[in-house]
Undergrad: 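Below is one structure. I have some questions about it.
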Amino acid sequence: MDPARAGEYRELYDRFLASPLMQGIIRDHREVPFSARVNGFAFRGAIDRLVQRPDGAWALIDYKTGTPGDAGDYAVQMAVYRHAAARILGDSVTPYLYFVDADRWVEVDVDEEQVFDAIERAVRGIEEGDL
């Protein structure tokens, strides 16, 4: 971390913690590693943050930099992360993108069937040498 920007980073983090979604959280897990099979395909990664809200609901948070774009650009990633988190927690999870620079939250509603069809087509294309 650039020491000259430490104040700026602290301000960004304080803003994140003050957001409504983070208020009253009762559990907070960061950089959660996973290895999971989703729809027959192996994935490995780390979920930025899993938090449990006061009502017991779990939220998956993935940090993004830059300007908020189309949440659909992250559909595959968020579908995989949601499946992995649900298996880890044994409970359902609502995925969110948090755009740090814009202080903007986006709840991600993923059509998993469409996402998994796209993954399957991509894998077949790789296997067949079409990509």
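Throughout, numbering of the chain's residues begins at 1 and tracks the sequence.
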Undergrad: Just wondering, do V32 and H29 contact through their side chains at under 4.5 Å, heavy atoms?
TA: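 With C-beta onward as the side chain, the pair touches.
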
Undergrad: Should I26 and W58 be counted in the same cluster of Ile, Leu, Val, Met, Phe, Trp and Tyr side chains packed under 4.5 Å apart?
TA: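 I26 and W58: separate clusters.
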
Undergrad: For V76 and Y81, what are the C-alpha separation, side-chain angles and deciding distance, and is it a side chain to side chain contact (heavy atoms under 4.5 Å, CB included)?
TA: CA-CA 9 Å; V76 171; Y81 281 21; over 6 Å; no

Undergrad: Indicate yes or no: does D14 engage R10 in a salt bridge with an N to O separation below 4.0 Å.
TA: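 Looking at R10 together with D14, the answer is yes, because their closest N to O distance falls below 4.0 Å.
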
Undergrad: Do H83 and F34 make the cut of ring centroids closer than 6.0 angstrom?
TA: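 No, ring centres 6.0 Å or more apart.
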
Undergrad: Could you tell me if the ring centre of F16 sits under 6.0 Å from that of Y63?
TA: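 Yes: the rings meet the under 6.0 Å criterion.
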
Undergrad: At what distance, to the nearest 0.5 angstrom, does CD1 of I88 lie from CG of L60?
TA: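 Rounded to the nearest 0.5 Å, the CD1-CG separation comes to 9.0 Å.
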
Undergrad: Quick one: pull up OG in S19 and CZ in R104 and give me the separation to the nearest 0.5 Å.
TA: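 Spacing of OG (S19) from CZ (R104) equals 14.0 Å.
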
Undergrad: How would you list, by chain and number, every residue that makes a side chain to side chain contact (heavy atoms under 4.5 Å, CB included) with E11, sequence neighbours excluded?
TA: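 For E11 there are no side chain to side chain contact (heavy atoms under 4.5 Å, CB included) partners, ignoring immediate neighbours.
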
Undergrad: Decide yes or no on side chain to side chain contact (heavy atoms under 4.5 Å, CB included) for R121 and F116, but give the supporting numbers first.
TA: CA-CA 9 Å; R121 282 192 308 276; F116 295 136; over 6 Å; no

Undergrad: What heavy-atom pair brings L21 and A59 nearest, and what distance separates the two atoms?
TA: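 Result for this residue pair: CD2-CB, 4.1 Å.
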
Undergrad: Suppose we screen for salt bridge (charged side-chain N to carboxylate O under 4.0 Å, His left out). Which residues come up paired with E8, at least two apart in sequence or across chains?
TA: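 E8 satisfies salt bridge (charged side-chain N to carboxylate O under 4.0 Å, His left out) with R5 once adjacent residues are dropped.
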
Undergrad: Just how far is it from atom NZ of K64 to atom CG of D101, taken to the nearest 0.5 Å?
TA: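 The CG atom of D101 is 13.0 Å from NZ of K64, to the nearest 0.5 Å.
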
Undergrad: Using a 3.5 Å distance criterion without hydrogens, assess whether the side chain of Q23 forms a donor-acceptor pair with backbone atoms of P54.
TA: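 No, Q23 side chain to P54 backbone: no donor-acceptor pair under 3.5 Å.
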
Undergrad: Are the side chains of Q77 and D62 in contact, using a 4.5 Å heavy-atom criterion?
TA: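 They are in contact (side-chain heavy atoms under 4.5 Å apart), so the answer is yes.
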
Undergrad: Answer yes or no: is there a donor N or O on one side and an acceptor on the other, between the side chain of R87 and the main chain of R82, under 3.5 Å?
TA: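 Flag not set: sc R87 to bb R82 has no pair under 3.5 Å.
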
Undergrad: Taking everything shown except R27 itself, do over 12 heavy atoms lie less than 6.0 Å from its CZ?
TA: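 No, because the 6.0 Å sphere around CZ of R27 holds 12 heavy atoms or fewer from other groups.
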
Undergrad: Taking all non-hydrogen atoms of both residues, which atom of A85 and which atom of L50 are closest, and how far apart?
TA: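 Scanning both residues, the minimum pair turns out to be CB-CD2, 3.7 Å.
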
Undergrad: Looking at R53 and P20, what are the two nearest heavy atoms and their distance?
TA: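 Heavy atoms only, the tightest pair is NH1-O, 3.4 Å.
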
Undergrad: Salt bridge or not for R30 and D48, using N-O below 4.0 Å?
TA: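 Looking at R30 and D48, the cut-off is not met.
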
Undergrad: Just list the side-chain donor-acceptor pairs under 3.5 Å for residues 92-99, sequence neighbours left out, or say none.
TA:
from, atom 1, to, atom 2, distance (Å)
Y98, OH, D103, OD1, 2.6

